Amino acid sequence: MAAAYGVRLIEDAVEGSSCPRCGYACAPAIPRCPACGGTAVAARFDPTGRVWSATDVALSVAAFGPGTLSYVDLDGGPRVLVRGTRPPAAPGTRVRLVASESGMEVEPCR
Ligand SMILES: [Zn+2]
């Protein structure tokens, strides 16, 4: 199990929640759907997806940095914020979330 920005990887799946009423997906899990106010239920998502955006952070802020942050649109799941590879992967790059010593990172899919 690893966590980064609240995103947890358990048994090679991303732990989160989804809304049975409207389908809104979120990771980390939340109790209420921000889109419709319905009760969210636990869900697991595939740890693969595409980079939506990524950036290098040059300064150390709180427990992070310097390093790379990536937003990843998970396949069939939500957009999550995780540590990224250096240099940052280009938007659209296929990646997989993997556990690392520092929490969780993305690595390019082969
Ligand atoms: Zn909803």
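Both counts, for ligands and for their atoms, begin at 1 and track the order of listing. Residue numbers run from 1 in the order of the sequence given. Here the structure is a predicted model, which is why all the values come from computation and not from measurement.
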Side-chain donor-acceptor contact under 3.5 Å, Arg32 with Thr39: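 The criterion, which ignores hydrogens and geometry beyond distance, is satisfied for Thr39 and Arg32.
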
Flag, side chain of Arg50 to backbone of Gly92, donor-acceptor distance under 3.5 Å: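 Between the backbone of Gly92 and the side chain of Arg50 there is a qualifying donor-acceptor contact (under 3.5 Å).
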
Side-chain donor or acceptor of Arg96 paired with backbone N/O of Glu107 under 3.5 Å: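 Side chain of Arg96 to backbone of Glu107, a donor-acceptor pair under 3.5 Å: no, none is there.
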
Do [X] and [Y] have side chains that approach each other closer than 4.5 Å (heavy atoms only, starting at C-beta)?
X: Cys36; Y: Tyr24; value: no
X: Thr48; Y: Val72; value: no
X: Asp12; Y: Pro47; value: yes

Atoms named by residue and atom, protein N, O or S, within reach of the Zn ion (ligand 1) (under 2.8 Å):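 Atoms qualifying: Cys19 SG, Cys22 SG, Cys33 SG, Cys36 SG.
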
